[in-house]
Amino acid sequence: MKRFKIKITGIVQGVGFRPFIYNLASAKSLTGFVLNNSEGVDIEIQGPENLLKEFLTEVPYKKPVISLIRELTHTEINVIKKESEFIIKSSKNLPGKFVLISPDLALCQDCLKELFTLSDRRFKYPFINCTNCGPRFTIIKDVPYDREKTTMSEFEMCSKCRTEYNAPSVRRFHAQPNACHDCGPSLSLKDSEGRSISADDIIEKAVDLLQKGKIIAIKGLGGFHLACDAQNEEAVFTLRKRKIREDKPFAVMVPNPDIAEKLVDLTENDIRILKDITSPILIKRKKEDSGIAESVAPNNKDLGIMLPYTPLHHLICKTFGKPLVMTSGNKSDEPIAFHDTEAISRLSGIADYFLIHNREIYMRCDDSVVREVNGHIYLLRRARGFVPFPVFLPKKSSCSILACGGMLKNTFCLTRDNLAFISHHIGDLENLETLNSFEEGIEHFKKLFSISPRVIVYDLHPEYLSTKYALDSKIEKKLGIQHHFAHILSCMSDNNLPNKKVIGVACDGTGYGEDGKIWGGEILIADYEGYERFAHLDYFPLPGGDSAVINPYKSAISLLIRAGVEEDIILNKIFPGYKEEYFIIKKMIETGFNTVDTSSLGRLFDGVSSILGIRNIINYEGQAAIELEQVSDPEINLSFSGNYFNKERRVLEYINLIKNVVKAKLEEKPTSEIGGVFHNSLVEMFISGISSAGEEFGINEVVLSGLSLIHI
């Protein structure tokens, strides 16, 4: 007989890990106990040595699918006499320790089957869950992960649920959100002024309203969605108008993969991604005969689709039977609404009705967005289903760090040891509401993971709210990092690269340069210690600064003037009707008034999009570049002739590129062809710069980074 003390860290709470240990030990007639603590799981287990070794071998291979073992250690301790069983003990809090927390998980197949089984006591219960699925991150107030430290604490379990909760052989053993019709959260339907609407079946009433073209704000896991019939053009257009979201694509939720395949082109791997426990929004090419309303994704060949991931979504989608717009419950530029009274206040001018439940959301969290490329998932927005799972860093840090992120599509990050806890998607830090969400999120992560940062890292741009937050912080050690160097560092770390020199290519829209100019088309020689700016897109004037981002024609006119395109061609062939704007911009460039130099590749894309007549004024960030990509023919193998890299000046030269774009436009070449050739020429431009850097420094490893644009 021997006794082992086992310590396991990782995602081992709220995922059925203790009952798994209990059942594995009991099957081998081993004795002892297992308990949760604020660092992971502790086990003391006793029995014949051969069975103990079997137990240790089987734990990593038979563990619950959604769990993750970061570390498993064991030591031999003294045998305890007269111990007759294996038990699960109450949780124990260890000061200063922390445990990895599971993200919110999509409804599992077992719960889904029960949801639609007439004889099951949870038939059509909108909050059915077990240890394999359901809310986690969005309901946790503190650790250890026990019911009293979640927003489920106010719901006292009935005797049947309590029996399940205490039965290690049942998959709802210690499932903290466990509940049923008799004891758990419930739904209510309200009108736009918050008045209750009675209905025998609230789901059927809500679906009836959707079928009539109404817009409903639906409370989900991490906040409210705004939903309407995705095939009803009038309903979608009305939602777009009320939400003040002129062109950004909406996400669509479909009942099942079969319907998804009628809307977009899907591979088997795509279906696997859609059905994954993370249940993200997947961006795919839209079919021409999809039947989806044009206003769902104007001027966009792609569609963001997802499957139902909560029991409430499943009930709505199964009853409705068609695609639903399911977009974030907010007005443009605001964070997603997640409190009931806040939602009714903020969304009453958008939604006709509110489908609400009384389970509090403690931390708001948007849907995650991904693309599939060559069999791999590429995260475009990392939120529900992935957060707060950490990124593992190549090496352990000497102290904890708070990194505040940029302004657009902000996320913050806290580090501890070799773990980086990247936050959920916060949004654009352009107003008080989003700043408050940013600050609340930081405090919550600090508490959950017991982190007291000693260093705060910020972007060099002095006007970013995240930078101002950092500079006002009481954390004494402050470190400013150049925006594009940070892009390269993050890509190196994400790919577990060792600390050695790489060629870093940062293609971006806006980043404050160390020379006070706006960078964004950079080739850096970098490692974890620092960087050298090897080359960049040749500077051109950005008249109006940030206003040029909203008005791509300003970048276009600046590029045309810089390229020496004749004034008559600009005014009569490219920008007829922009005569007054042209001369104002020309004067601004000549005098330098309210004009800053930029090497931004994003602004180059904007300018070419405008020159080709695709988009002169944008309604959402990155729209001109996205629509240029949408019209460009990906099958074009040609590029414009010419040398686009100046080795002596170390700049990527755009002048011949602009001249060629103008020439092709004047020759009335198809826009799709010009766009395809333009993209190919940019690739050749950067390859020339990368090759030159590789020859000079003897480096053959290239890191590509920048800003991924997604607007769901």
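Ion pairing between K53 and E49 holds under the 4.0 Å rule for side-chain N and carboxylate O. Salt-bridge annotation for E83 and R3: present, with a side-chain N of the basic residue lying under 4.0 Å from a carboxylate O of the acidic one. A salt bridge links R121 with E164: the closest approach of a Lys/Arg side-chain nitrogen to an acidic carboxylate oxygen falls below 4.0 angstrom.
Within the structure, side chain to side chain donor-acceptor pair (under 3.5 Å) pairs that include any residue of residues 201-210 comprise D208-K212 (at least two apart or interchain). Screening residues 310-324 for side chain to side chain donor-acceptor pair (under 3.5 Å), with sequence neighbours left out, gives D229-K322, T310-H313. For residues 107-120, the salt bridge (Lys or Arg N to Asp or Glu O under 4.0 Å) pairs, not counting sequence neighbours, are E114-R171, E114-R172.
Taking both residues in full, the closest heavy atoms of P335 and S437 are given as CB-CB, 4.4 Å, listed atom of the first, atom of the second, then distance.
N129 is linked by a side-chain hydrogen bond (donor to acceptor under 3.5 Å, both in side chains) to nothing, counting only residues two or more places apart in sequence or in another chain. Every residue two or more places apart in sequence or in another chain was checked for a side-chain hydrogen bond (donor to acceptor under 3.5 Å, both in side chains) with T411, and none qualifies.
More than 12 heavy-atom neighbours from other residues, nucleotides or ligands sit within 6.0 angstrom of NZ on K190. In the displayed structure, E156 atom CD is contacted under 6.0 Å by at most 12 heavy atoms of other residues, nucleotides or ligands.
Taking the centre and axis of the six-membered ring of Y309, the NZ or CZ atom of R384 falls inside the cone set by 45° and 6.0 Å.
Looking only at distances, no side-chain donor or acceptor of S279 sits under 3.5 Å from a matching main-chain atom of D276.
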Verdict with supporting geometry, T131 and F17, side-chain contact (heavy atoms from CB on, under 4.5 Å): CA-CA 9 Å; T131 52; F17 204 86; over 6 Å; no
Full working for ring pair (Phe, Tyr, Trp, His ring centres under 6.0 Å) between F445 and F421: CA-CA 8 Å; F445 270 61; F421 294 96; 7.2 Å; no
Verdict with reasoning, E71 to K7, per side-chain contact (heavy atoms from CB on, under 4.5 Å): CA-CA 8 Å; E71 186 177 27; K7 180 180 290 294; over 6 Å; no
Stepwise side-chain hydrogen bond (donor to acceptor under 3.5 Å, both in side chains) test for S26 and N23: CA-CA 5 Å; S26 298; N23 289 317; 5.5 Å; no
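In this structure, NZ in K141 is found 9.0 Å from NZ in K447, a value given to the nearest 0.5 Å.
Here the side chains of E440 and R364 are in contact, with some heavy-atom distance below 4.5 Å.
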Can you give me every donor-acceptor pair (side chain of residues 177-186, partner residue at least two apart or in another chain, under 3.5 Å) with its distance?
| residue | atom | partner | partner atom | Å |
| --- | --- | --- | --- | --- |
| N178 | OD1 | R122 | NH2 | 3.1 |
| N178 | ND2 | C161 | O | 3.1 |
| H181 | NE2 | F123 | O | 2.8 |

